[in-house]
Visitor: 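Could you have a look at this structure, given as structure tokens, before my questions?
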Amino acid sequence: MLLTVQDIHKTYHTADGPFDVLRGIDLTLASGETLALTGESGSGKSTLLHLIGGLDTPDSGKILHEGRDMAALDDAGRAALRRGTVGVVFQQFNLIPSLRVSDNIAFQARLAGRHDPDWDAALAARMGLTPHLAKYPEQLSGGQQQRVAIARTLATKPRVVLADEPTGNLDEATASTVLDLMLELVAETGAGLLMVTHSEGLAARVSRRLHLRAGRVA
Amino acid sequence: MNVKALFLALCLPMPALAQGFAGLGTEAEGFSVPQPEPQFNFPTDHGAHNDYRIEWWYLTANLEAADGTPYGLQWTLFRSALAPGAGDGWTAPQLWMGHAAVTTPDNHYVAERLARGGIGQAGVTADPFEAWIDDWALTGDWNTLHMTASAADFAYDMALTAQGPLIFHGEGGYSVKSAAGQASYYYSQPFFAIEGTLQLPEGDVAVTGNAWLDREWSSQPLAENQTGWDWFSLSFDDGNKMMGFRLQQTDGQNFTSATWMTPDGQTTPYTDGALVATPLATNDSDVPVRWRVELPAQGVDVTVAAINENAWMATSVPYWEGPVTVTGSHEGIGYLEMTGYE
Amino acid sequence: MTTTTLHALLSHWWRNPLQLFTLLAGLALATALWSGVQAVNAEARASYDAAAATLGEGQYDRLVRRDGQPMTQETYVALRRAGWLVSPVVQGRLDGVRIIGVEPLTAPGGVGPVSLQEGTDLTSFLTGEGQLFANYEVAEQLAGLNIVVTPDVAPNTAVTDIGVAQRLLSKPDQIDSLIVLRGQPIGRPPLDAIAPKLTLQPAQGGSDIARLTDSFHLNLTAFGLLSFAVGIFIVNGAIGLAFEQRRPVVRTLRALGLPLRRLILLLGAELMLFALIAGVIGVALGYVIAALLLPDVAATLRGLYGADVSGTLQLRPSWWLSGMAIALGGTALAAGGALYQMSQMPLLAAAQPRALAMAAGRRAVLQGIAAAILLMLSGVLMFTATGMIGGFLLLGALLIGAALALPIILDRLLALASRLARSVTAQWFWADTRQQLPGLSLALMALLLAMAANVGVSTMVSSFRLTFTDFLDQRLASELYVRTESDAQTAALITFATPRTDIILPIQSADTEVAGQPTEVYGARDHATYRDNWVFLQQTRDPWGSTFSGQTVLINEQLSRRANLMVGDEITLQDTAFAIAGVYGDYGNPIGQAVIGEEVFATLYPDIAPQNFGLRMDPEAVPDFVDALEAATGIAATQTVNQAGIKAISLAIFERTFTVTTALNILTLAVAGFAILMSLLTLASMRVPQLAPAWAMGMTRQQLGRLELVRAIMLALLTAVVALPLGLALAWALLAVVNVAAFGWKLPMYLFPLDYARMGVFALLAAGLAALWPARRLARTPPADLLKVFSNER
């Protein structure tokens, strides 16, 4: 199993008192499988994604990446996981504004030490980014920027792709194209995809869907 | 005034100067250089040799008061030449430095005087013999000498009487200082009986004892890699005396030399390696104040220990100089001088 | 991984050169401020040392011939050989320059106003053609001689070896006077037995200004530290902004899997690299600023004397070290906090803008509490601090407390203004200013410290200068001082001088004890010299009137403090009681002094006949008078001291103090102004969304730009209002607490409102200049950018 999540709890402490975001989540993701996480705002989708991506740590429960327990990882270990095993596509594109598109695409792969220029070029071509490689992110449209972010993630050939509303800032047509590309590429690399979305249309196009409500799987 | 520091930088060729012995290794341009097989001519050679760069009249004495308290005494006049020749007036190239000290078991009193040659404030004449700087003086005919020095906190007035002949170190007074052949002219009168009065803050003290007067001059006495020295003058209870020195080198090696003197003045010189001196303990300032001194050829294996560990000469260029006791194969007293420890 | 990350980190700066510039310039300016102040300090010290040395020649007893003629060299050698520790001096004039010949091996430290530098050729100095030490003006005058240029020698003076001086002055084998060293040997024979023709001139106690200059040095050091504090503030601001600007990037990097530890290391290394570069620029800049500001140094730069002169103002290793230390240390200090914060922050929170955190209010409350505690502490210390540590603690508490309190004070003032505002625009202006305050507060704190430093420095330096000149006027009031050797000479002097001078003031004193303190009692002749020149710390209505008429006594501050005597108390001299009518400042005198009228002095001390006289006359007439006096009475020139000349020299040197003040003012204000510019530029991007609604509701962009400018000047004005009392408190703490702890007397504090007003205008100017460009940029914001605020794209 690529990913196993067992009985995850997470509570935030806010000014209005403690707020239980996740109250016992279980899920699994197999190689090649694509899974959509849906739910209302505040249902805990993004938090769950962050926990799986090692951006945050759960209060209790287990997250296993290919059988390895994340609880055993320190900060450096979680960083290594983010570099090599999982790839996160954020809602905001999170590009490095001072780097050219080509450098942004190569960046994470370079960090992970598995940079493959040919694969980069192929990704860029598939994403339609080839004419824009020398540009800076601010010179691109929103859809183009999101494609750069997806290319950056896929450039590292991660085992698990985590996507947080990857098309949330895009118009419907663009969103559809981008998702097609992502599904295609995930299938090719044999990775698993876990995508947070509030769009029923998008959720319908993946192999499985999970609906969260008030911190539980509905 | 910083001129003093400059003066001292220039006076580095003087003995007992703890730092910058490189000055002693530099070429003796225009100065005469000591040659082997010297022919001394007295009393002329008791006087100044202005064509050599450096020279000293160096007296140390082990004294004892009526109550048995040991004292040490030093009277030294250094000459350092900026250029060969005596000269006259303010432009004379001879500079003079006097050091005087009295060491008690608990205190160490030091004074220093500096003077220019050429105006009469300091100098040395051979006949009649007189060595002086300001009111400090050493006068007489070397059978008897009169010696005075004064400072703000101490003074002394001493009479000396020779009890034996002059001693010539090395090869008849030609004392080799390094493997490369650097050398000086070096003779001593170690057989002075001395008596007089020390004026100290704690009161006047009448003392008697033995004094040892060294004469040495050269222009380039040390090799470039020599950084300081440890010098021993030991008087054993059996009447024999020993002079020994150990020159410290930057390569960690030492160059040693020694002279053995019988009570009637017979001498045996020893070249490099015969004498072994090993530090045993240091004072708070890391200056070795206990030594093991061995001269196997004479059966000597003694411990030399400072009477007052803090006999530091806080002069413009500082060094350690003080009386010592000798125990072991031979018993006795003596003086120890150490440079290069600052 | 490291290369990739460094590339990403550094690429930020290439894409944002303005941010890089502000960071480097901020660091460089802070360093420049520090090293510039150090340079100016060093220069000021050198000037004071030269002045002190000129006067300091009087601090040793001297031997001279009774008849005023030069003595022979044999006399000197005879004295030395008898055990007298004396050092020969020969003096004279060559082409109008005063030549002083000293004997360096026997001279005591501090005599002959010169410290020879390394590289001096001693052989040449002592035995060759001779070297003379002088400042560059004299070197120009005496071209042809072998001059070593040094700023340490008093103006119009050259110091050289005695042998050289004898030759230049054609005085072979002659010596004018012998300095008597301290610590003479025991058993030294009396003077009469060796050199009966000589007489001992006691040291001139009144002209020992060493303590005064020591005090000045201490105060300069304190202000050097203050400039350091200002510098640290700027560095802190610059680094804080650098972190602020890159928070989103930092989050992205971490999200992409860069380990925190490595990120922190790389950020630290990057900042240290910048600090290194900025430090080098800063030290060089400080040097240039100092060089441009100091006239002597500027002259050096013109290369008048080539390598010889480099000793005047050179980039000494200590400057490099301390300059680099403030750049690196300041950066480390500032970055350390930010990096620590980053290491403690959850990954996902790292992008939160600081403005939000500040608005959270908790920090503001903490800051307010800290400020209140520190200010209360300084309030308590003001009344209780006695020692040096207490004094510096007071300074520290006052400064930091005031700086921390500033944003809160400003916030309250702005809230008040906003409530009082009538028009909508005004209301919006005040509210908007309040909103901006957190972003500007660091820069404003720096401005506060800079202005306080300026007020403090000006007050201290000017107070010191006034005190010093008053002191000189008081102590060296007479143009010429004459010492007589016999009653016959005294009579001859009075006969000769009475018709040729304004008045003859006998100087007569007796040693006694007052309230257990060793004290010199002086008898003063009734004359305006005293009334006009003496400054009292405490006095009755007419202290001189009652003293001249024999009823009262005047005492110095030392006696007053040590014996706890005040005006109105009585002291007893020769069984006669006198009420104290005044306490006067007496800087540099270690023992007590009392002054009574001439007649009553003669009654109490009938055995003492005056042998010293002060003569009041036209200063120009002094040299001719001295020649005529010698011809008519045989009183030699060496028995006279032309104090007018010495005073003029030392006052001329003193004028350079003002350069110090100017230099400090310009430096600190420039740096503070830059801090404001930096903050405004950084805030500019945040400003657009804040200004867009105001624009949309009908304010023109020009109006908005103007308001930005007004805002900066208004904030600077408010800061200035806080800075003035802070600066005065600072000066007071130094003069009245630290100085008393260090030297036992208080330097009187004077106020200079005009100076403060001028500095205030400068500060407003600096703030206005700093705001000019950001305001212009704002006024030219394309409407499209403003519109974007309302569109969904943002």
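A, B, ... follow the sequence lines: proteins, then strands. Residue 1 opens every chain.
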Visitor: Quick one: which of Leu85(C), Leu79(C), Asp173(C) has the most heavy-atom pairs under 4.5 Å with chain B, could you say?
Guide: Leu85(C)

Visitor: Does the pair Arg113(B)/Asp135(B) count as a salt bridge with the N-to-O cut at 4.0 Å?
Guide: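 Counted as a salt bridge, because a side-chain N and a carboxylate O are separated by less than 4.0 Å.
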
Visitor: With Tyr58(B), which of His99(B), Gln74(B), Arg215(B), Glu216(B) fulfils side chain to side chain donor-acceptor pair (under 3.5 Å)?
Guide: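 Per the side chain to side chain donor-acceptor pair (under 3.5 Å) rule, the option paired with Tyr58(B) is Gln74(B), out of His99(B), Gln74(B), Arg215(B), Glu216(B).
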
Visitor: Heavy-atom cut-off 4.5 Å, strictly under: side chain, backbone, both or neither for Pro88(C) against chain B?
Guide: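 Pro88(C) touches chain B through side-chain heavy atoms alone.
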
Visitor: With a 4.5 angstrom heavy-atom cut-off, could you sort out which part of Glu74(C) is near chain B: side chain, backbone, both or neither?
Guide: neither

Visitor: Rounded to the nearest 0.5 Å, what's the gap from CG on Leu114(B) to OG1 on Thr106(C)? Could you check?
Guide: 8.5 Å

Visitor: Are the side chains of Ile99(C) and Leu142(C) in contact, using a 4.5 Å heavy-atom criterion?
Guide: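 Counting from C-beta outward, Leu142(C) and Ile99(C) do come under 4.5 Å.
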
Visitor: Could you give the distance from CZ (Phe129(B)) to NE2 (His46(B)), rounded to the nearest 0.5 Å?
Guide: 7.5 Å

Visitor: Heavy-atom cut-off 4.5 Å, strictly under: side chain, backbone, both or neither for Gln184(C) against chain B?
Guide: backbone

Visitor: Less than 4.5 Å to any heavy atom of chain C: does that hold for the side chain of Ala155(B), its backbone, both, or neither?
Guide: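 Interface part for Ala155(B): both.
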
